[in-house]
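Starting from 1, each residue takes its place in the sequence as its number. Order of listing sets the numbers, starting from 1, for every ligand and every atom in it.
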Amino acid sequence: MRFAVFLALGAGCAAAVPAHDVLSQTSLLKGKRKMNLLQEVPGLVPLPSAAKVAGLDTNNIQGDILVGMKKKQERFIFWTINDPARFKSTLRAFIVPQITSVQQLLSTTTQPLVALNVAFSQTGLQALNITDNLSDAAFSRGQFADANALGDPDPTKNGTAWVDAFRGTNIHGVFLLASDNATLLDAQEVVVNSSMGSAISVVYTLQGSIRPGPQAGHEAFGYLDGVSQPHVDGFGTAFPGQQTIDPGVILVGEQGDSLSAKRPAWTTDGSFLAFRQLKQLVPEWNKFIASSAPGVPGLTHAQSVALHGARLVGRWKSGAPVDLSPLVDNATLGADPTLNNNFDYTHQGFDLSSDQSHCPFASHVRKTRPRADLDAAPNSIIRAGIPYGPEVTDDELTSATSTLDRGLAFVSYQSQIAKGFRFIQASWANNEKFSFGKNDTTPGFDAVIGANRGGQRFMSGYDINDASKDLSLLTDFVVSKGGEYFFSPSISALRDFITAP
Ligand code: N7H
């Protein structure tokens with residue numbers, strides 16, 4: 001008997017995939033992994049060994065939540081549920097047994113060929129008739145309703161950069177597929193989508209990849225990314241300068257989640273996932289940095305330009321913090337995770353409330369983690385994003401104009417969106433008055449991600465020799481293409497609650 005299963009191919013369209021094709025893809029997914037699925041990037045804190053994990057049920061926590069930053073390739077598949085009954089039964093029988101835990105990701109020998117995680121939006125839970133209140137207002141409303149609060153230009157207006165699929169509350173969930181090779185990702189995508197068949201429609205996909213060669217681990221502007229992550233108490237040991245946080249800052253229901261008592265028991269060990277597609281105008285950024293760099297005595301023009309970019313980010317391209325290396329890059333420092341995070345903006349003989357000679361108040365890393373400026377452990381997130389899009393072409397470089405879409409598939413995990421991603425973006429990055437208590441009461445916008453609904457932005461303190469000058473940030477070099485808020489449940493919740501018959 002000949003039969004076909006359905007494979008959703010892209011925005012709204014579904015095509016039949018012959019069963020033998022699905023079988024051949026399935027066979028690609030058999031076998032053992034020989035190479036680490038994750039990239040060990042110099043400068044980033046190494047993963048804890050299984051032996052150093054204490055007190056957290058790492059077999060029950062979806063892997064991306066605590067081990068998300070080092071993926072080589074990742075595919076985000078966003079979908080809407082058409083047939084809740086079929087969706088539930090397929091998820092239970094086929095997807096849940098394959099969900100990859102934190103524990104599995106910690107060793108190559110236990111990693112699958114393709115890691116698979118799943119998360120649901122508020123409307124996705126509703127589609128499954130789950131009406132519990134998760135006590136997270138941002139999640140309940142969805143990100144589209146939050147665009148204004150996040151500083152995005154109005155996504156309901158013509159000309160919005162928001163991807164159509166993110167406009168509204170139509171997305172019910174996302175599969176996160178991670179591997180080291182596109183053939184395996186393709187195979188898993190076919191197998192997962194065809195198992196779901198008409199139970200879902202895929203409304204959007206985004207492919208992320210680690211950048212090639214020496215850019216591995218660097219985001220699209222060229223800076224090493226993922227250097228500073230909080231240390232979740234119980235998960236490995238803290239490196240110098242790493243902020244130790246209660247597990248409940250990231251994991252719902254754990255010690256430190258102030259809303260535990262209000263949340264249904266099944267949400268324990270889950271985490272809220274904030275997804276954002278952030279387009280980066282790389283040639284435009286390069287041109288702006290080159291043309292606005294103040295000359296610095298003793299530095300060549302190229303060195304002044306590199307310093308200017310580093311002061312806007314707060315780290316050099318190597319990952320070395322400007323707070324520790326304020327004039328020139330230091331690749332050895334950047335590559336050493338025992339040194340590259342060990343700073344807090346205080347320096348003997350310098351006043352924390354006025355010193356910007358080491359690092360501007362409005363640099364990206366200082367805005368998003370103020371360290372000694374403000375002790376704010378509950379406002380921590382774990383970042384698990386990955387770059388997307390092609391490398392910059394020669395034509396784009398020459399014309400200083402982006403013609404291709406590239407940037408960051410931003411993912412953060414937190415137990416409360418209002419205290420995590422949303423707070424950092426809205427109350428710190430977009431708040432020209434933050435950090436507080438400085439001699440300059442308006443330090444300006446986060447130079448990288450600060451957003452003013454498309455309006456003008458500025459930062460102060462960019463010039464190492466004259467902190468009184470403001471820099472007009474001519475355009476948004478990071479453009480929000482929107483996103484959605486999701487909840488990433490524990491594996492037992494997926495099995496015993498979400499898909500319970
Ligand atoms: Fe950010 N960038 O290249 O400039 N980020 N980030 N980020 N970010 C960090 O420590 C970047 C974004 C945080 O603990 C580094 O990983 C870009 C959003 C936090 O010292 C670099 C985009 C939010 C930290 C970048 C982007 C954050 C951090 C330094 C968008 C939250 C840790 C390397 C396209 C709302 C701060 C590192 C600390 C670091 C960049 C987005 C937050 C290089 C290009 C949306 C908390």
Side-chain angles (χ1 to χ4, degrees), residues 41 43-45 68-70 143 146 149-152 208 211 215 217-231 239 241-245 249-250 274-282 285 289 309-324 334 337 340-345 359 362-374 376-377 379-389 405-414 417-431 446-451 476-483:
V41 178
L44 273 57
V45 171
M69 200 63 205
K70 299 175 173 181
Q143 198 176 107
D146 227 12
L150 296 175
D152 290 5
R211 294 188 52 212
Q215 289 299 320
H218 296 243
E219 53 66 59
F221 293 142
Y223 298 86
L224 187 63
D225 203 4
V227 180
S228 175
Q229 298 272 28
H231 162 245
F239 272 55
Q242 233 187 331
Q243 182 187 32
T244 295
I245 55 169
V249 175
I250 307 299
F275 178 86
R276 297 274 276 172
Q277 183 172 347
L278 298 174
K279 178 173 180 171
Q280 290 175 250
L281 303 181
V282 179
W285 161 273
I289 296 297
R311 283 178 61 82
L312 268 54
V313 171
R315 287 188 186 266
W316 297 90
K317 289 189 171 175
S318 73
V322 294
D323 196 50
L324 295 182
N340 66 15
N341 212 12
N342 199 10
F343 64 97
D344 68 358
Y345 306 116
C359 183
S363 72
H364 175 56
V365 303
R366 193 160 183 176
K367 277 274 194 179
T368 55
R369 184 186 161 200
R371 300 185 191 229
D373 287 336
L374 180 78
N379 300 113
S380 293
I381 52 177
I382 290 197
R383 291 171 296 134
I386 188 165
Y388 75 88
D405 186 9
R406 67 179 62 77
L408 183 66
F410 174 87
V411 169
S412 75
Y413 289 100
Q414 53 270 295
I417 294 169
K419 284 191 172 176
F421 161 71
R422 191 176 193 268
F423 192 88
I424 295 174
Q425 181 72 57
S427 301
W428 288 348
N430 299 356
N431 181 356
D446 176 319
V448 178
I449 62 159
D476 290 346
F477 301 102
V478 170
V479 177
S480 163
K481 298 190 76 174

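- Residue contacts with ligand 1 for V478 involve side-chain atoms from C-beta outward but no N, CA, C or O (heavy atoms, distance under 4.0 Å).
- Close approach to I424 involves these atoms of ligand 1, each under 4.0 Å from a residue heavy atom: 31 (C), 35 (C).
- Closest approach of R383 to Q229, counting heavy atoms only: O-NE2, 2.7 Å.
- V313 is not listed as a side-chain neighbour of F221, based on a closest heavy-atom distance of 4.5 Å or more.
- S480 is listed as a side-chain neighbour of L278, based on a closest heavy-atom distance under 4.5 Å.
- Relative orientation of the Y223 and W285 rings is perpendicular, given thresholds of 30° and 60° on the angle between their planes.
- For ligand 1, the atoms closer than 4.0 angstrom to any heavy atom of D225 are 5 (N), 9 (C), 15 (C), 16 (O), 21 (C), 25 (C).
- Looking at W316, F410, W285, it is F410 that brings a heavy atom closest to atom 18 (C) of ligand 1.
- Proximity to H364 (heavy-atom distance under 4.0 Å) selects the following atoms of ligand 1: 1 (Fe), 4 (O), 5 (N), 6 (N), 7 (N), 8 (N), 9 (C), 11 (C), 12 (C), 13 (C), 25 (C), 26 (C), 27 (C), 28 (C), 40 (C).
- Nearest protein neighbour of atom 20 (O) of ligand 1, counting heavy atoms only, is R371 NH2, 2.7 Å.
- Among all heavy-atom pairs drawn from H218 and R211, the shortest one is O-CD, 3.3 Å.
- Using a 4.0 Å cut-off to heavy atoms of V448, the atoms of ligand 1 that qualify are 4 (O), 17 (C), 44 (C).
- In terms of heavy-atom proximity, N341 sits nearest to V227 at ND2-O, 4.4 Å.
- Of the protein's non-hydrogen atoms, I449 CG2, 3.5 Å is the one closest to atom 41 (C) of ligand 1.
- Atoms of ligand 1 found under 4.0 Å from any heavy atom of V313, numbered from 1 in the order shown, are 4 (O), 43 (C).
- Using a 3.5 Å distance cut-off with no hydrogens or angles, the side chains of R276 and Q143 do pair a donor with an acceptor.
- Distances below 4.0 Å separate heavy atoms of L408 from the following atoms of ligand 1: 22 (C), 26 (C), 30 (C), 34 (C).
- Protein heavy atom at the shortest distance from atom 37 (C) of ligand 1 is V227 N, 3.2 Å.
- When hydrogens are left out, the protein atom nearest atom 19 (C) of ligand 1 is T368 OG1, 3.3 Å; that is the closest non-hydrogen contact.
- Side chains of C359 and R371 form no contact here, defined as non-hydrogen atoms less than 4.5 Å apart.
- The protein heavy-atom contact nearest to atom 33 (C) of ligand 1 is L224 O, 3.3 Å.
- The closest heavy-atom contact to atom 32 (C) of ligand 1, among the options Q280, Q425, R383, R369, comes from R383.
- Shortest non-hydrogen contact noted between L224 and G43 is CD2-CA, 4.4 Å.
- Residue contacts with ligand 1: S228 is placed with a nitrogen or oxygen under 3.5 Å of a nitrogen or oxygen of the ligand (distance criterion only).
- When hydrogens are left out, the protein atom nearest atom 35 (C) of ligand 1 is F421 CD1, 3.5 Å; that is the closest non-hydrogen contact.
- Using a 4.5 Å heavy-atom cutoff, the side chains of Y388 and L408 are not in contact.
- The closest approach between any non-hydrogen atom of G226 and ligand 1 is below 4.0 Å.
- Contact check for V45 versus H231: no side-chain heavy atoms found under the 4.5 Å cut-off.
- For ligand 1, the atoms sitting less than 4.0 Å from at least one non-hydrogen atom of Y223 are 43 (C), numbered in the order shown with element in parentheses.
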